[in-house]
Amino acid sequence: MKVKLIDYTYGAVDKLIYTKSTRLTQGDETRGKIKNMSIEEKQEELSYMANTIPSSWEFVNYTFEISGVSRAFTHQFVRTRTGSYAQQTMRLLNMDQFEYVTGPTVKENPDAHETYVQCMADIQKTYDTLIEMGCAVEDARGVLPTNICTNIIAQFNLRTIAEMGRSRTGKRTQNEYRDVFEGMFEEVIKIHPWAEDFIQPKEQDRLKLLEQLIETGEKRKLSTEERYCGWKAIDKIRKGEK
């Protein structure tokens with residue numbers, strides 16, 4: 001799996017501050033004042049915006065190229081309606097020698113893994129045979145597995161990514177989804193370090209995740225670092241890491 005940020009809103013900080021400022025004033029004069037603000041003044045504005053009404057966050061967009069993920073994942077991924085998507089087709093592309101994703105519980109069980117790999121080989125053989133018999137690619141694809149690898153381009157605004165951080169990083173979320181989101185998060189922080197305050201789960205969201213753990217009996221006192229990290233701390237607990 002690979003996540004790469006291929007495009008984003010340039011001048012995002014000034015745009016965020018301006019779209020928030022239009023509640024009071026707008027125009028060339030306001031944009032000029034924002035442009036001439038010091039780094040410290042802009043950071044102060046961003047810190048305030050990260051904890052207030054998120055409507056202005058929608059003006060900042062990020063486009064990701066995500067490769068080597070399963071269609072099982074993308075079926076869930078595209079349910080985020082405030083995103084735009086372009087996905088690799090199986091209707092026209094011959095999927096000979098296809099790759100696939102193997103879930104962690106399958107990998108951990110040698111017998112299960114052997115059975116899984118054999119099943120994928122049988123599917124590949126059946127698919128190839130159908131093509132050789134003259135079946136159209138769009139018809140032969142019906143036998144392909146849900147975990148076949150695919151590539152997808154996705155665009156989200158900052159508000160949507162923040163909402164994904166709150167809803168898609170808990171213990172009930174598929175491992176692959178959490179891995180993709182972490183990749184998206186890291187790519188955004190590389191070019192917009194200030195966005196961490198916008199995307200990281202807020203205190204009430206961290207508490208909700210902790211309550212889920214308590215309900216399932218996974219209790220352990222969290223360190224200050226873990227409380228700050230939020231969803232990363234939750235993942236540590238799930239994996240039994242100290």
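Computed from a prediction, not measured in an experiment: that's the story for all the values here.
Hydrophobic clustering (side-chain heavy atoms under 4.5 Å, transitive across Ile, Leu, Val, Met, Phe, Trp, Tyr) keeps Val78 apart from Met90. Following chains of ILVMFWY side-chain contacts shorter than 4.5 Å, one cannot reach Val69 starting from Leu144, and the two form parts of different hydrophobic clusters. Using a 4.5 Å cut-off between side-chain heavy atoms of Ile, Leu, Val, Met, Phe, Trp and Tyr, with links allowed through other members, Met133 and Ile123 fall into different hydrophobic clusters. Hydrophobic clustering, with ILVMFWY side chains joined whenever heavy atoms are under 4.5 angstrom apart, keeps Val60 apart from Ile153. One hydrophobic cluster holds both Ile152 and Phe181 under the rule that ILVMFWY side chains link at heavy-atom gaps under 4.5 Å.
Side chain of Asn109 to backbone of Thr105: no donor-acceptor contact under 3.5 angstrom is found. Without hydrogens or angle criteria, Glu176 side chain to Ser70 main chain gives a donor-acceptor distance under 3.5 Å. Checked by atom type and distance alone, the side chain of Asn147 pairs as donor or acceptor with a backbone atom of Val101 at under 3.5 Å. Between the side chain of Tyr18 and the backbone N or O of Gly27, at least one donor-acceptor pair lies under 3.5 Å. With hydrogens and angles disregarded, a donor-acceptor distance shorter than 3.5 Å links the side chain of Thr115 to the backbone of Asp111. In this structure, Thr89 contributes its side chain and Arg91 its backbone to a donor-acceptor pair below 3.5 Å. Side chain of Thr126 to backbone of Asp122: a donor-acceptor contact under 3.5 angstrom is found. The closest donor-acceptor contact from the side chain of His75 to the backbone of Arg71 lies under 3.5 Å. When atom types are taken as modelled, the side chain of Glu41 and the backbone of Ser38 share a donor-acceptor pair closer than 3.5 angstrom. A distance-only check finds a donor-acceptor pair linking the side chain of Glu187 to the backbone of Leu5 [under 3.5 Å].
The OH atom of Tyr8 lies 12.0 Å from the NZ atom of Lys190; values are rounded to the nearest 0.5 Å. Summarising the geometry, atom CG belonging to Asn61 is positioned 4.5 Å from atom OG1 belonging to Thr9; distances are rounded to the nearest 0.5 Å. In this structure, CG on Asp197 lies 7.5 Å from CG on Asn51, to the nearest 0.5 angstrom. Between atom CG of residue Leu92 and atom CZ of residue Arg141 there is a gap of 8.5 Å, rounded to the nearest 0.5 Å. How far CG of Leu93 is from OG1 of Thr150: 9.5 Å, rounded to the nearest 0.5 Å. To the nearest 0.5 Å, the span separating CG on Asp179 from CD1 on Ile66 amounts to 12.0 Å.
Using a 4.5 Å cut-off on side-chain heavy atoms (C-beta onward), Asn151 and Gln87 make no contact. In this structure, Val188 and Met184 have side chains that are not in contact, with every pair of non-hydrogen atoms separated by 4.5 Å or more.
With respect to the salt-bridge test (charged N to carboxylate O, under 4.0 angstrom), the residues Lys33 and Glu29 qualify. We find that Asp128 and Lys125 are not joined by a salt bridge, their nearest charged nitrogen and carboxylate oxygen being 4.0 Å or further apart.
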What's the verdict on side-chain contact (heavy atoms from CB on, under 4.5 Å) for Val137 and Ile131, showing C-alpha distance, side-chain angles and the deciding distance? CA-CA 7 Å; Val137 169; Ile131 297 297; 4.0 Å; yes

Could you go step by step and tell me if Arg31 and Asp14 meet the side-chain contact (heavy atoms from CB on, under 4.5 Å) rule? CA-CA 8 Å; Arg31 287 192 292 273; Asp14 286 9; over 6 Å; no

For side-chain contact (heavy atoms from CB on, under 4.5 Å), just list the numbers for Phe185 and Val180, CA-CA rounded to whole Å, side-chain angles, deciding distance to a tenth of an Å, and then say yes or no. CA-CA 9 Å; Phe185 175 80; Val180 170; over 6 Å; no

Residue pair Phe198, Leu46: steps toward the side-chain contact (heavy atoms from CB on, under 4.5 Å) verdict: CA-CA 9 Å; Phe198 290 74; Leu46 291 173; 4.1 Å; yes

Go through the steps for Ser21 and Gln26 under the test side chain to side chain donor-acceptor pair (under 3.5 Å), then give the verdict. CA-CA 7 Å; Ser21 299; Gln26 60 183 6; over 6 Å; no

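Pairing each heavy atom of His113 with each of Val106, the nearest pair is CB-O, 3.4 Å. Across Ala140 and Leu130, no two heavy atoms sit closer than the pair CB-CB, 4.0 Å. The heavy-atom pair separating Tyr127 from Asp96 by the smallest distance is CE2-N, 4.2 Å. Taking both residues in full, the closest heavy atoms of Phe98 and Met120 are given as CZ-O, 3.8 Å, listed atom of the first, atom of the second, then distance. The nearest pair of heavy atoms linking Ile34 to Lys42 is O-CE, 3.1 Å. In this structure, Ile53 and Lys20 approach most closely via the heavy-atom pair O-NZ, 3.6 Å.
Around atom CD of Glu99, no more than 12 heavy atoms belonging to other residues, nucleotides or ligands sit under 6.0 Å away. The environment of Tyr85 atom OH is dense: over 12 non-hydrogen atoms of other residues, nucleotides or ligands sit within 6.0 angstrom. Surrounding CZ of Phe59 are at most 12 heavy atoms belonging to other residues, nucleotides or ligands under 6.0 Å away. Within a 6.0 Å radius of CD in Gln88, other residues, nucleotides and ligands contribute more than 12 heavy atoms.
If you look at Tyr62 and His192, their ring centroids are closer than 6.0 Å. A distance below 6.0 Å separates the ring centres of Phe156 and Phe77.
For Thr160 and Thr82, the side-chain atoms include at least one donor-acceptor pair closer than 3.5 Å. Donor-acceptor pairing under 3.5 Å is recorded for the side chains of Thr63 and Gln155.
Of the residues Met49, Arg159, Lys15, the one that meets the side-chain contact (heavy atoms from CB on, under 4.5 Å) test with Ser56 is Met49.
Relative orientation of the Tyr177 and Phe73 rings is perpendicular, given thresholds of 30° and 60° on the angle between their planes.
Taking the side chain to side chain donor-acceptor pair (under 3.5 Å) definition, one finds that Asn36 meets it with nothing, sequence neighbours left out.
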